[in-house]
Q: 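Mind looking over this structure? Questions follow.
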Amino acid sequence: MPSVLEELRWRGLVALTTDEEALAAALASGPVTVYCGFDPTAPSLHFGNLVQLIVLRWMQRAGHRVICLVGGSTGLIGDPRPTAERVLKTREQTADWVDRIRAQVRPFLEFEGENPALLVDNLDWTAPISALDFLRDIGKHFRVNAMLRKEAVAARLSSEEGISYTEFSYQILQALDFLHLYREYGCTLQTGGQDQWGNLTAGVDLIRRVEGAGVHVLATPLITDSAGVKFGKSEGNAVWLSADMTSPYAFYQYWINVEDASVVLLLKAFTERSAEEIAELERATVERPQARAAQRALAADVTALVHGRPATDAVIRASRALFGQDDLAAVDAATLRAALEETGLHRVSDPSPTVVALLRESGLAASNSEARRTVAEGGAYLNNRRMTDPDEVPGDAELLHGRYLVVRRGKRHVAGVEISAG
RNA sequence: GGCAGGUUGCCCGAGUGGCCAAAGGGAGCUGACUGUAAAUCAGCCGCGCAAGCUACGGGAGUUCGAAUCUCUCACCUGCCA
């Protein structure tokens, strides 16, 4: 059986670590306590956080003790982005987001049983510290020169925008978390994204200084497509794990549409399929690319992980109905309705809407201008029929089962409209 | 507190009185090819059917006319105190 480190490595989830030999030895010699932090920068976790959750799953499965930290305090400060200063969130909003994220994390890890994961909030140990205590007891351990060398800080210092003292201090808070968890739970490993390397290692340095102990960091790589662009953006929006923010249908479609050149990489990182299965899917992609077997497997697995099996089955059925070869008129009413509800079913009370109105009402075009443009470009379809007149009104005979229309923009944007006269 | 520079469309960035709904690039959308892929090529890319309207950090002015000039407020950067 391969070690967790080997498992994570072949899956492409290890970018760099502190002293790899020592880390491998520690992981081999018995259960290690590992933590990863999630800051509440939004009401939901997103694609990037998924990578971290998956790493924690592998860790827990290998028998290690997992601590999932939600950043109630670090979220109030904000880690420095290389580009620009963050806008401070209110305490109320941050607290609300902390609650949501706590709930969201639960299905990914085992919180019961023999080796339960632990869920902690760094606000609990950070809030009671006074400014004077902070400066005297903690600040003394940090050298400004070292802090300035962190990549995120350096980038901001050399930018027009500069950096506030608030964000500059972020790394201290994160280091303090690691120290606290080390003392409280014997935590000796922190995981996180590679872009967090500076913040991750700040804790290693602090623990060495005050406790004289060597602890570890494992950073995951930034996952990018063949053009070097980060994954996790769809239509310019983030891919969220919350069903309210990215519907399970949209989530599934995101993975289905992944380029061939990246699908193997993603299967390794985001699914639990074996090397043999993935090799098989890779072969299938080369031999019968139009079948999209690898993308289907990827989309099904990841959607099931995030949204559960029933939601995934519904979404697969919907995709099959809408993108299948069958004549839409042949799809039975219940199936069609269910499919359209997945894509978003919009009620239209106007009994005779124009093509432009339908594109708008279905959310496929943001404005009338955009809708007209789409028609002019030849990208507007009603029930798979290309529409050429923006002002055309579909006749009653076109309504599927007397009331549904499948509106499509381009090859892959589909939405449903239900005409509810009266 | 003083002085200097900056704030342009989703992002970067040009534009210093009319020819500016604003160059160029990126992102994005659509078409062709194909496979709900990539690459390539082409078109599009504020709102409006249109007339026109709204927009270049906020506000007030000058002018026939302002993204461009003046005043003022806010924020950012740098230098000086």
Side-chain angles (χ1 to χ4, degrees), chain A residues 80-88 155-168 224-239 249-267 281-282 284-300 303 315-326 328 339 342-343 353-357 359-360 362-381 384 386-393 406-415:
Chain A
R81 284 180 296 192
T83 46
E85 186 84 12
R86 290 174 190 273
V87 177
L88 285 179
R156 285 280 294 283
L157 280 174
S158 61
S159 79
E160 281 267 296
E161 181 145 9
I163 185 169
S164 68
Y165 186 73
T166 306
E167 288 191 5
F168 176 61
T224 62
D225 66 18
S226 59
V229 177
K230 253 200 298 193
F231 275 105
K233 285 275 198 287
S234 164
E235 314 285 305
N237 300 313
V239 173
Y249 171 82
F251 188 85
Y252 178 83
Q253 285 291 323
Y254 176 79
W255 297 93
I256 272 286
N257 279 303
V258 150
E259 57 170 358
D260 293 0
S262 300
V263 73
V264 167
L265 178 96
L266 295 173
L267 278 165
L281 288 166
E282 183 171 16
T285 298
V286 174
E287 289 166 6
R288 294 191 59 239
Q290 65 280 12
R292 311 175 72 76
Q295 277 92 341
R296 281 177 211 286
L298 174 68
T303 308
V315 145
I316 291 173
R317 277 195 300 274
S319 298
R320 200 174 290 144
L322 296 172
F323 290 101
Q325 308 303 314
D326 305 345
L328 281 173
E342 292 296 339
T343 66
T354 62
V355 171
V356 167
L359 281 166
R360 252 186 66 104
S362 63
L364 294 181
S367 66
N368 285 357
S369 296
E370 193 175 301
R372 284 178 183 280
R373 210 177 290 137
T374 302
V375 175
E377 288 168 338
Y381 300 84
N384 289 340
R386 178 179 279 182
M387 305 311 284
T388 51
D389 176 4
D391 296 312
E392 180 177 339
V393 175
V406 177
V407 188
R408 180 155 64 85
R409 173 175 179 177
K411 280 205 278 193
R412 49 192 186 193
H413 300 108
V414 184

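Naming convention: chains lettered A, B, ... in sequence-line order (proteins, then strands); numbering from 1 in each chain.
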Q: In whole Å, what is the span from the NZ atom of A:K411 to the C1' atom of B:U34?
A: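 Whole-Å distance recorded here is 6 Å.
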Q: On a whole-Å scale, what distance lies between the P atoms belonging to B:G17 and B:G6?
A: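 Pairwise P distance, B:G17 against B:G6, rounds to 15 Å.
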Q: Could you please name the option among B:A37, B:G48, B:C29 that lies closest to any side-chain atom of A:R409?
A: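 Given the options B:A37, B:G48, B:C29, the side chain of A:R409 is closest to B:C29.
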Q: Expressed in angstrom and rounded to an integer, what is the separation of A:R373 atom CZ from B:C29 atom P?
A: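 In whole Å, B:C29 P and A:R373 CZ are 14 Å from each other.
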Q: Base, sugar-phosphate alone, or nothing: which one does A:S226 contact when heavy atoms must sit under 4.0 Å apart?
A: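 Since no nucleic acid heavy atom lies under 4.0 Å of A:S226, the category is nothing.
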Q: Looking only at atom C1', what distance separates B:A67 and B:A21, rounded to whole Å?
A: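 Each nucleotide's C1' atom is 11 Å from the other's.
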Q: Figure out the CD/C1' separation between A:E287 and B:G35, and round it to whole Å.
A: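 Value for this atom pair: 16 Å.
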Q: Would you indicate what A:Y252 reaches in the nucleic acid, counting non-hydrogen atoms under 4.0 angstrom: base, sugar-phosphate, or nothing?
A: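 The answer is nothing, as A:Y252 stays clear of every strand by at least 4.0 Å.
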Q: Atom CG of A:L281 to atom P of B:A37: distance rounded to whole Å?
A: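 So the two atoms are 19 Å apart, to the nearest Å.
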Q: Take the protein atom CZ of A:R412 and the nucleotide atom P of B:G35, then report the distance between them rounded to whole Å.
A: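 Distance, rounded to whole Å: 15 Å.
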Q: If I pick the C1' atom on B:G61 and the same atom on B:G9, what distance separates them, to the nearest angstrom?
A: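 Here B:G9 and B:G61 have their C1' atoms 26 Å from each other.
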Q: Is there a donor in the side chain of A:E370 and an acceptor in the side chain of A:S367, or the other way round, less than 3.5 Å apart?
A: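 A:E370 vs A:S367: no donor-acceptor pair found between side chains.
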Q: Round to a whole Å and report the spacing from CD of A:E259 to C1' of B:A39.
A: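 So the CD-C1' distance, A:E259 to B:A39, works out to 11 Å.
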Q: For atom C1', what is the distance between B:C29 and B:C73, given to the nearest Å?
A: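 Going atom to atom, C1' in each nucleotide, I get 39 Å.
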Q: I'd like to know if A:Q295 reaches the base of B:U36 with its side chain such that a donor and an acceptor end up less than 3.5 angstrom apart.
A: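 No such pair is found, so the answer is no.
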Q: If I pick the C1' atom on B:G24 and the same atom on B:A74, what distance separates them, to the nearest angstrom?
A: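 So the two C1' atoms sit 31 Å from each other.
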Q: Do A:R409 and A:E377 sit within salt-bridge range, that is, some charged N less than 4.0 Å from a carboxylate O?
A: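 Looking at A:R409 and A:E377, the cut-off is not met.
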Q: For a quick check of understanding: with a heavy-atom distance under 4.0 Å over all strands, which category does A:N368 fall into, base, sugar-phosphate or nothing?
A: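 A:N368: backbone/sugar contact only, no base atoms under 4.0 Å.
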Q: Test side-chain hydrogen bond (donor to acceptor under 3.5 Å, both in side chains) on A:E259 and A:S262; report intermediate values, then the result.
A: CA-CA 6 Å; A:E259 57 170 358; A:S262 300; 2.6 Å; yes
Q: Can you list everything that forms a side-chain contact (heavy atoms from CB on, under 4.5 Å) with A:A357? Sequence neighbours excluded, please.
A: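 A:A357 satisfies side-chain contact (heavy atoms from CB on, under 4.5 Å) with A:P353, A:T354 only.
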Q: Which part of the nucleic acid, if any, lies within reach of A:S367 when heavy atoms closer than 4.0 Å are counted: base, sugar-phosphate only, or nothing?
A: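 Answer is sugar-phosphate: A:S367 comes under 4.0 Å of backbone atoms only.
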Q: Which is true for A:R288 with a 4.0 Å heavy-atom rule: it touches a base, it touches only sugar-phosphate, or it touches nothing?
A: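 Answer is nothing: A:R288 stays at 4.0 Å or more from every strand.
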Q: If you compare all heavy atoms of A:L265 against all heavy atoms of A:T224, which two are closest, and at what distance to 0.1 Å?
A: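 A:L265 and A:T224 have their closest heavy atoms at CD2-O, 3.8 Å.
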Q: Where does RNA chain B form stems of at least three consecutive Watson-Crick or G-U wobble pairs, each pair having both distances below 3.5 Å?
A: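 Listed by first number, the stems are B:1-7 with B:74-80, B:10-12 with B:24-26, B:28-32 with B:40-44, B:57-61 with B:69-73.
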Q: For a quick check of understanding: with a heavy-atom distance under 4.0 Å over all strands, which category does A:R320 fall into, base, sugar-phosphate or nothing?
A: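 Contact class for A:R320: none.
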Q: So, under a plain 3.5 Å distance rule, would you say the side chain of A:E377 forms a donor-acceptor pair with the base of B:G31?
A: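 Absent.
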Q: Quick one: A:W255 CH2 to B:A37 P, roughly how many Å, whole number?
A: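 Answer to the nearest Å: 17 Å.
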Q: Say we look at B:G65 and B:C19: how far apart would their C1' atoms be, to the nearest angstrom?
A: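 Their C1' atoms lie roughly 13 Å apart.
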Q: How many Å lie between CD on A:E370 and P on B:C44, as a whole number?
A: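 Taking atom P of B:C44 as the reference, CD of A:E370 is at 15 Å.
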Q: In whole Å, measure the gap between the C1' atoms of B:A55 and B:A4 for me.
A: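 Between the two C1' atoms, the distance is 29 Å.
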Q: Please give the distance between the C1' atoms of B:C11 and B:G59 as a whole number of Å.
A: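 Here B:C11 and B:G59 have their C1' atoms 27 Å from each other.
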Q: Taking the side chain as every heavy atom from C-beta outward, state whether A:L281 and A:V264 have any pair of such atoms under 4.5 Å apart.
A: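 Contact flag for A:L281/A:V264 side chains = no.
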